[in-house]
Amino acid sequence: MIFRISCLLLLMAWGCAAKAQTGRREAAAAVHAMFDAMHAGDSAALMRVLDPQAELCSAIERDGQTRWACGSVGAFARAVGTPHDEVWDERISRLRIRTDGPMASAWMDYEFYLGDRFSHRGVNSMTLFRSETGWKIMWISDTRR
């Protein structure tokens, strides 16, 4: 009897771990899709992973001063979709994702390039929600150095 209960508990734990791994993988795909859309200048693809009410804020360090600035998802999508001379290339590394059911948190380092020219670096923090249509990015905050 104890053996059967132990096996059942192990199977349940394995199932939960597998489901969490799938959630992390799917949330990571949404994060990568956002950066792919930025790189391609594709605002429609961007809006497939950003919730229309998403919030975007930055802690910007410049000239010894730090300020907090927020912008609308609409303005961001327009900026991404507006033709520009140089490709927006945000290169992320050390992506870490934590999930709890329908919510995920993503944290990553990044370096931002305009074409081949380095612009700035920092950290992105995102909150995602698993909707009926997939993972949506609800909040993005970043540092810029």
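None of the values given here were measured: they were computed from a predicted structure. Both backbone and side-chain heavy atoms feed into the values below; hydrogens, waters and symmetry mates do not.
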Student: What's the spacing between Trp135 CH2 and Asp51 CG if we round to 0.5 Å?
Tutor: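 Interatomic distance, Trp135 CH2 to Asp51 CG, rounded to 0.5 Å: 13.5 Å.
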
Student: Please check if Leu114 and Leu46 belong to a single hydrophobic cluster, counting links between Ile, Leu, Val, Met, Phe, Trp and Tyr side chain heavy atoms closer than 4.5 Å.
Tutor: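 As far as the 4.5 Å side-chain criterion goes, Leu46 and Leu114 are connected within one cluster.
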
Student: So, do Leu50 and Phe76 sit near enough that their side-chain heavy atoms are less than 4.5 Å apart?
Tutor: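 Yes, their side chains come closer than 4.5 Å.
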
Student: Just wondering, do Leu128 and Val31 contact through their side chains at under 4.5 Å, heavy atoms?
Tutor: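 SC-SC contact between Val31 and Leu128 confirmed.
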
Student: How far apart are the closest heavy atoms of Ala106 and Ile97, and which atoms are they?
Tutor: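 Where Ala106 meets Ile97 most closely, the heavy atoms are CB-CG1, 4.0 Å.
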
Student: Do Trp88 and Val80 come within less than 4.5 Å of each other through their side chains, counting heavy atoms only?
Tutor: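 Yes, side chains in contact.
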
Student: Should His32 and Leu95 count as side-chain neighbours, where that means a heavy-atom distance under 4.5 Å?
Tutor: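 Yes, at least one pair of side-chain atoms sits under 4.5 Å.
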
Student: If you take all heavy atoms of Val123 and Tyr110, which pair is closest and at what distance?
Tutor: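 Taking every non-hydrogen atom into account, N-CE2, 3.5 Å.
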
Student: Do Ile92 and Ile140 belong together in a cluster built from hydrophobic side chains that touch within less than 4.5 Å?
Tutor: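 Yes, it is one cluster - the side chains of Ile92 and Ile140 are joined through contacts under 4.5 Å.
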
Student: Taking atom CD of Glu90 and atom CG of Asp36, what is their separation to the nearest 0.5 Å?
Tutor: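 Rounded to the nearest 0.5 Å, the CD-CG separation comes to 11.5 Å.
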
Student: Under 4.5 Å between side-chain heavy atoms, counting indirect links through other Ile/Leu/Val/Met/Phe/Trp/Tyr residues: same cluster for Met38 and Tyr113 or not?
Tutor: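 As far as the 4.5 Å side-chain criterion goes, Tyr113 and Met38 are not connected within one cluster.
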
Student: When the ring planes of His120 and Phe112 are compared, do they come out parallel, tilted or perpendicular, using 30° and 60° as the limits?
Tutor: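 Answer is parallel, since the angle falls under 30°.
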
Student: Would you say the side chain of Asn124 lies within less than 4.5 Å of the side chain of Phe35, judging by non-hydrogen atoms?
Tutor: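 Yes. Closest side-chain heavy atoms under 4.5 Å.
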
Student: Rounded to the nearest 0.5 Å, what separation is found between the CD atom of Glu86 and the OG atom of Ser119?
Tutor: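 Answer for the CD-OG pair, Glu86 versus Ser119, is 9.5 Å.
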
Student: Say you draw a straight line from CE of Met108 to OG of Ser125; how long is it, rounded to the nearest 0.5 Å?
Tutor: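 One gets 7.5 Å once the value is rounded to the nearest 0.5 Å.
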
Student: Please examine the side chains of Asp109 and Arg121, heavy atoms only from C-beta on, and report whether any two atoms are closer than 4.5 Å.
Tutor: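 With C-beta onward as the side chain, the pair stays apart.
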
Student: Could you tell me which non-hydrogen atom of Ser72 sits nearest to which non-hydrogen atom of Leu56, and how far apart they are?
Tutor: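 Reported closest heavy-atom pair: C-CD1, 4.0 Å.
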
Student: Do the non-hydrogen side-chain atoms of Val73 and Gln53 ever get within less than 4.5 Å of each other?
Tutor: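 Counting from C-beta outward, Val73 and Gln53 never come under 4.5 Å.
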
Student: In Å, rounded to the nearest 0.5 Å, how long is the span from CZ of Phe118 to CZ of Arg91?
Tutor: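 Phe118 CZ to Arg91 CZ: 10.0 Å, rounded to 0.5 Å.
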
Student: Quick one: does any side-chain atom of Ser131 pair with a main-chain N or O of Thr133 as donor and acceptor, under 3.5 Å?
Tutor: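 The answer is yes, because a donor-acceptor pair under 3.5 Å joins these two groups.
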
Student: To check you understand the geometry: which heavy-atom pair defines the closest contact between Ala77 and Ser43, and what is its length?
Tutor: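 Looking at all heavy atoms of both residues, the shortest contact is O-CB, 3.2 Å.
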
Student: Test Asp142 against Arg144 for side chain to side chain contact (heavy atoms under 4.5 Å, CB included), laying out the working first.
Tutor: CA-CA 7 Å; Asp142 65 86; Arg144 295 183 191 179; 3.0 Å; yes

Student: With a 4.5 Å heavy-atom cut-off, do Arg62 and Arg67 have their side chains touching?
Tutor: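 With C-beta onward as the side chain, the pair touches.
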
Student: Just by distance, with hydrogens left out, do Arg98 and Ser105 show a side-chain donor and acceptor under 3.5 Å apart?
Tutor: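 Ser105 and Arg98 do not have a side-chain donor-acceptor pair below 3.5 Å.
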
Student: Check whether Met47 and Trp139 end up in the same hydrophobic cluster, where Ile, Leu, Val, Met, Phe, Trp and Tyr are linked by side-chain heavy atoms less than 4.5 Å apart.
Tutor: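 No, Met47 and Trp139 fall in different hydrophobic clusters.
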
